[in-house]
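Atoms considered below: every heavy atom in the structure, side chains included; atoms not considered: hydrogens, waters and symmetry mates.
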Amino acid sequence: MKNKWILLPVAAALLLTSCQSASGAAVYRNNPLELAQRVGQTVQKSTEIHLSADFAEPTPQESLSACLHYIAANQERYLSYQSAHPEMSPWDVVTYVNIGLDHPFYTNIQTVSDPAGLLALCNKYWKLPDGYEPSDLRPLSSRVAVGVSNQMRSEAAGAFEQLCADAKKEGYTILAQSAYRSYARQESLYSQYAAQDGTEGADVYSSRAGHSDHQTGLVVDVKNASLPYNRFGETAEYQWAKDNIYKYGFIIHYPEGKQAITGYKTEEWHWRYVGKKAAAEIHSLGLTLDEYCAIFLANPGSGVPALTSDTPDTLSLAQGSSYTFAFQPSGALAVPTFTTGDGTILSTAGLRFRSGTYLLSVQGLAPGSTNLYATFDGQAPIRLCSVTVEG
């Protein structure tokens with residue numbers, strides 16, 4: 001492909017909403033979501049800037065292969081899916097195909113190679129090996145469980161018991177309703193549901209045998225002290241859970257608005273243990289486990305993880321206002337931790353991952369200057385930007 005000159009940094013800076021401070025520096029008062037939209041518009045505009053007519057746009061294949069989670073063996077599938085979904089970004093095309101969504105559910109099925117791994121993914125494209133049963137199951141304490149189907153793998157059980165104890169101290173009661181299920185038990189349940197609602201109806205709320213992550217021993221369905229489990233989303237405990245269970249290594253596997261990806265209706269009560277590191281990353285990025293595995297585990301990549309910013313090296317921000325940075329990853333894919341040098345001056349106010357871009361919101365708290373840093377595991381902190389908050 002011929003190189004093209006893209007004036008992205010300059011154009012992005014010109015598009016930001018700003019005014020002049022007394023010092024002459026640009027003071028940004030943009031809305032975070034508006035900035036994200038403007039960054040997307042800037043990219044689109046920049047691709048129209050040519051040095052000459054000889055410079056060509058990237059081909060579809062080049063746009064796909066530039067994605068850090070691209071898998072060469074999937075190339076034809078990517079191109080086919082992109083052709084069928086021209087509205088999708090190359091990054092999302094690669095993600096969806098890596099999940100398997102270019103095939104109907106329960107087709108192109110593969111067997112999980114490491115069923116004992118904390119990130120073993122059981123879904124409508126991956127099944128557990130025949131006869132699999134975790135080797136370290138143990139009953140949950142009777143203080144945090146009701147019913148009889150309440151075994152979990154040892155690490156997950158300990159984490160859940162601690163979660164319930166800590167929630168109790170804050171006035172919330174969380175109980176296990178159903179945890180480990182054997183292949184035979186899941187087969188029986190699914191058969192009942194399919195007889196009641198038909199296969200198509202059952203498939204949106206129940207897994208077929210071998211495809212249920214209950215069989216991993218890492219899943220628990222929860223309830224509070226008064227309502228049935230399927231009304232957990234109405235409880236105060238659910239509001240607490242959304243902000244806290246990741247600290248114990250759990251995620252909500254089937255969150256709201258993700259049925260097209262997971263294949264299941266929202267289940268606020270269905271919690272999956274993935275370990276504290278993965279849970280924190282999935283929570284902060286707003287991803288499902290399926291997306292996380294398709295992006296960060298699909299292709300380990302090479303090189304040192306790094307970020308490219310859309311923002312100048314120095315930034316002035318009005319006190320009380322917010323700003324959203326857009327960071328493009330490069331090298332090996334990894335999730336950074338973002339921190340500020342002085343949290344009394346500048347705070348991080350939210351992180352999301354959209355089509356291969358980290359969108360980090362910060363808020364100016366008090367007048368002063370500090371730095372914004374990113375840290376990858378095993379690396380020293382990287383200074384991203386110097387920020388001055390003006391009163």
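For Phe353, the ring-ring contact (aromatic ring centres under 6.0 Å, His included) partners at least two apart in sequence or on another chain are Trp91, Phe296, Tyr358. Listed by chain and number, the residues in a salt bridge (Lys or Arg N to Asp or Glu O under 4.0 Å) with Lys223 amount to none (sequence neighbours excluded). By the salt bridge (Lys or Arg N to Asp or Glu O under 4.0 Å) test, Arg354 is found to be paired with no residue, residues two or more places apart in sequence or in another chain being considered. Taking Asp92 as the reference, nothing meets the salt bridge (Lys or Arg N to Asp or Glu O under 4.0 Å) condition, with sequence neighbours excluded. Contacts of His103 classified as ring-ring contact (aromatic ring centres under 6.0 Å, His included), with partners at least two apart in sequence or in another chain: none. Among residues two or more places apart in sequence or in another chain, the ring-ring contact (aromatic ring centres under 6.0 Å, His included) test is passed with Tyr96 by none. Checked against side chain to side chain donor-acceptor pair (under 3.5 Å), Tyr246 has no partners two or more places apart in sequence or in another chain.
The list of side chain to side chain donor-acceptor pair (under 3.5 Å) pairs with a residue in residues 115-126, not counting sequence neighbours, reads Asn123-Asp290.
Through direct or relayed side-chain contacts under 4.5 Å between Ile, Leu, Val, Met, Phe, Trp and Tyr, Val144 connects to Leu118, Leu140, Met152, Phe160, Leu163, Tyr172, Ile174, Leu218, Val220, Val222, Tyr229, Phe232, Tyr238, Trp240, Ile245, Tyr248, Phe250, Ile252, Trp269, Trp271, Tyr273. The other members of the hydrophobic cluster of Val146, by chain and number, are Leu175 (side-chain heavy atoms under 4.5 Å, ILVMFWY only). Cluster note: Tyr180 groups with Leu137 through ILVMFWY side-chain heavy atoms spaced under 4.5 Å, whether in direct contact or through intervening members.
Inspection of the His283 and Asp243 side chains reveals no N or O donor paired with an N or O acceptor under 3.5 Å. A donor and an acceptor atom, one from each side chain of Thr357 and Gln328, are located under 3.5 Å apart.
Ring pair Tyr264/His270: centre-to-centre distance not below 6.0 Å.
Ion pairing between Asp203 and Arg208 holds under the 4.0 Å rule for side-chain N and carboxylate O.
With contacts defined as side-chain heavy-atom distances shorter than 4.5 Å, the pair Gln186/Ser207 qualifies.
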For residues 373-386, which side-chain donor-acceptor pairs fall under 3.5 Å, sequence neighbours excluded?
residue, atom, partner, partner atom, Å
Tyr373, OH, Asn371, ND2, 3.2
Arg383, NH2, Asp313, OD1, 2.9
Arg383, NH2, Asp313, OD2, 3.1

